[in-house]
Amino acid sequence: LGAALGGNCEVAVTFVPLASLRHAGALLELEAYAVRGGSRETVNVPGLARAGAGFCHGIKCGDFCFVSGQSALTAEGAVRFPGDLVSQNKACLDGLEAVLAELGMGPETIVKGNSWRADPPSVEAYTLAAKDRFRFFADARPSFTGITIPGLEPQGLFIRLDVWAMSGDIERQRLAPPNHWGWALKTTYSHGFRAGQWLFIGGQAALDLHCNVLSSDELLPQTGITMDYIESILTAAGGGPDDVVKLNELHVAAPHDTAALEVLGVHASRFGRESPAWSGVPVDHLAYQGQSIEIDAIARLSGRA
């Protein structure tokens, strides 16, 4: 992949191993975000693990900043703090802060965060690590998507975190529509976060106010409920479905389960024009027992300064 990018460009990257993909025989799926025009600044921080030639720890394109997935790996690729989720999580946060600092930014500028985590060694470890993340993101209060996956590479790694940030004098607004679903732990995350014309919607799920799963283990009904929540956040931001430019979806399904493709029909029914760009990957389970799907989204709001 690095060779395909060529020698004149470095990009931020997050690699995530999954048990399977949607199509039989598929071993790799890529998604990419591009920013046209403007200045580009890339940084690499000594001591942090790096994916290799063609990739960087962070890149700033105009107002946007993308930080590659950070983990508790040494620069040589060895796992730090084996078996210790709390310390590995702290190492991820330290890495994010170090990369942002090299780009002249801080945690308060983060607008979207993503975590990819293996099953925690204990509920206590998960809770302590989550509370450390909440403190780290307290000033930014970004939207967030957290996904449980079978494991990370190399073996012994529990978590990988990446973030997007935006600099400049832009209006920022945390969005929490009334009667929206709630988290099991008190959090500093936002369901939606507006930064200027951009709206970042964190991972949405078919949950109620008390974090109970609705339509347990039913993929299509949960998809409809989840899309209702996404539309509620769009409305709160002064936008609508036609403003969505990207959907990311994770669903629980057996390998190559064609029933998951029916989800596309639910998505298509929500948009009055051509559907936005879409990525969908299967996982073996999500955060809550009975949860079948999680969707996040990016929108560019028309009419916003």
Nearest heavy-atom neighbours spanning Q222 and S292: OE1-N, 2.8 Å
F134 vs F136, ring-ring contact (aromatic ring centres under 6.0 Å, His included): CA-CA, chis, key distance, verdict: CA-CA 5 Å; F134 300 159; F136 180 83; over 10 Å; no
Under 3.5 Å donor-acceptor, S215 side chain and E218 backbone: no
T145 and K112: side chain donor to acceptor below 3.5 Å: yes
Over all atoms of both residues, closest heavy-atom pair of P276 and V244: CB-O, 3.4 Å
Flag for S39-K60: side-chain donor and acceptor within less than 3.5 Å: no
Working for side-chain contact (heavy atoms from CB on, under 4.5 Å), residues R194 and L301: CA-CA 9 Å; R194 183 174 67 80; L301 303 169; 3.4 Å; yes
Main-chain N/O of Y189 paired to R174 side chain as donor or acceptor, under 3.5 Å: yes
Side chain proximity check, E41 to I59, heavy atoms < 4.5 angstrom: no
Salt bridge (charged side-chain N to carboxylate O under 4.0 Å, His left out) assessment of R270 paired with D228: CA-CA 9 Å; R270 300 297 181 117; D228 287 343; 2.9 Å; yes
Sidechain N-carboxylate O distance under 4.0 Å for R172, E108: no
Cluster check I110, L103: I/L/V/M/F/W/Y, side chain < 4.5 angstrom: yes
For C92 against A72, the heavy-atom pair lying closest together: SG-N, 4.3 Å
More than 12 heavy atoms from other groups under 6.0 Å of NZ on K90: no
Under 3.5 Å: donor-acceptor pair, side chain of E171, backbone of Q173: no
Donor-acceptor pair, side chain of T14 and main chain of G69, under 3.5 angstrom: yes
Atom of G203, atom of E294 and distance for their closest heavy-atom approach: CA-OE2, 3.5 Å
Aromatic ring proximity, centroids under 6.0 angstrom, F200 and F144: no
Donor + acceptor pair across side chains of T226, Q204 (<3.5 Å): no
N/O donor-acceptor pair under 3.5 Å between S68 side chain and C56 backbone: yes
Close side-chain approach of L219 and H251, heavy atoms under 4.5 Å: yes
Full working for side-chain contact (heavy atoms from CB on, under 4.5 Å) between V252 and D284: CA-CA 5 Å; V252 177; D284 58 353; over 6 Å; no
Flag if over 12 foreign heavy atoms under 6.0 Å of CD, E31: yes
Residue pair L73 / R80, side-chain heavy-atom distance below 4.5 Å: no
L27 atom CG: more than 12 heavy-atom contacts under 6.0 Å: no
Atom pair CH2 (W116) and OG1 (T148), whose distance is rounded to the nearest 0.5 Å: 10.5 Å
Proximity of W198 and F193 rings by center, below 6.0 Å: no
Closest heavy-atom pair and its distance - P17, I149: O-CD1, 3.8 Å
Close side-chain approach of F158 and R117, heavy atoms under 4.5 Å: no
Nearest non-hydrogen partners of Q88 and F81, listed with the distance: NE2-O, 3.1 Å
L85-V123 co-clustered via ILVMFWY side chain contacts under 4.5 Å: no
E29, CD: over 12 other non-hydrogen atoms inside 6.0 angstrom: yes
Reported OG-to-CH2 distance for the pair S143 and W164, which is rounded to 0.5 angstrom: 9.5 Å
Reported SG-to-CG distance for the pair C65 and D63, which is rounded to 0.5 angstrom: 11.0 Å
Min side-chain heavy-atom separation L199-I298 under 4.5 Å: no
Co-membership, hydrophobic cluster, residues F271 and I293, 4.5 Å side-chain: yes
Derivation and outcome, side-chain contact (heavy atoms from CB on, under 4.5 Å), residues V67 and L100: CA-CA 7 Å; V67 179; L100 287 169; 3.9 Å; yes
Residue pair L207 / L214, side-chain heavy-atom distance below 4.5 Å: no
Distance, nearest 0.5 Å, that separates OG of S232 from CG of N179: 8.5 Å
Minimum side-chain heavy-atom gap P142-F137 below 4.5 Å: yes
Side chains of T109 and S167 in contact at under 4.5 Å (non-hydrogen atoms): no
Hydrophobic cluster identity match, I170 and V35, side-chain contacts under 4.5 Å: yes
Donor-acceptor contact below 3.5 Å, side chain S269 vs main chain V266: yes
Residues S279, K246; criterion side-chain contact (heavy atoms from CB on, under 4.5 Å); working and verdict: CA-CA 8 Å; S279 294; K246 181 70 168 69; 3.1 Å; yes
Separation of R133 CZ from L185 CG (nearest 0.5 Å): 9.5 Å
Separation of I230 CD1 from L247 CG (nearest 0.5 Å): 6.0 Å
Single-linkage hydrophobic cluster, 4.5 Å side-chain cutoff, I233 and I295 together: yes
H191 and W181 aromatic ring geometry - parallel, tilted or perpendicular at 30°/60° bounds: perpendicular
Modelled atom types, side-chain donor and acceptor of N89 and D132, under 3.5 Å: no
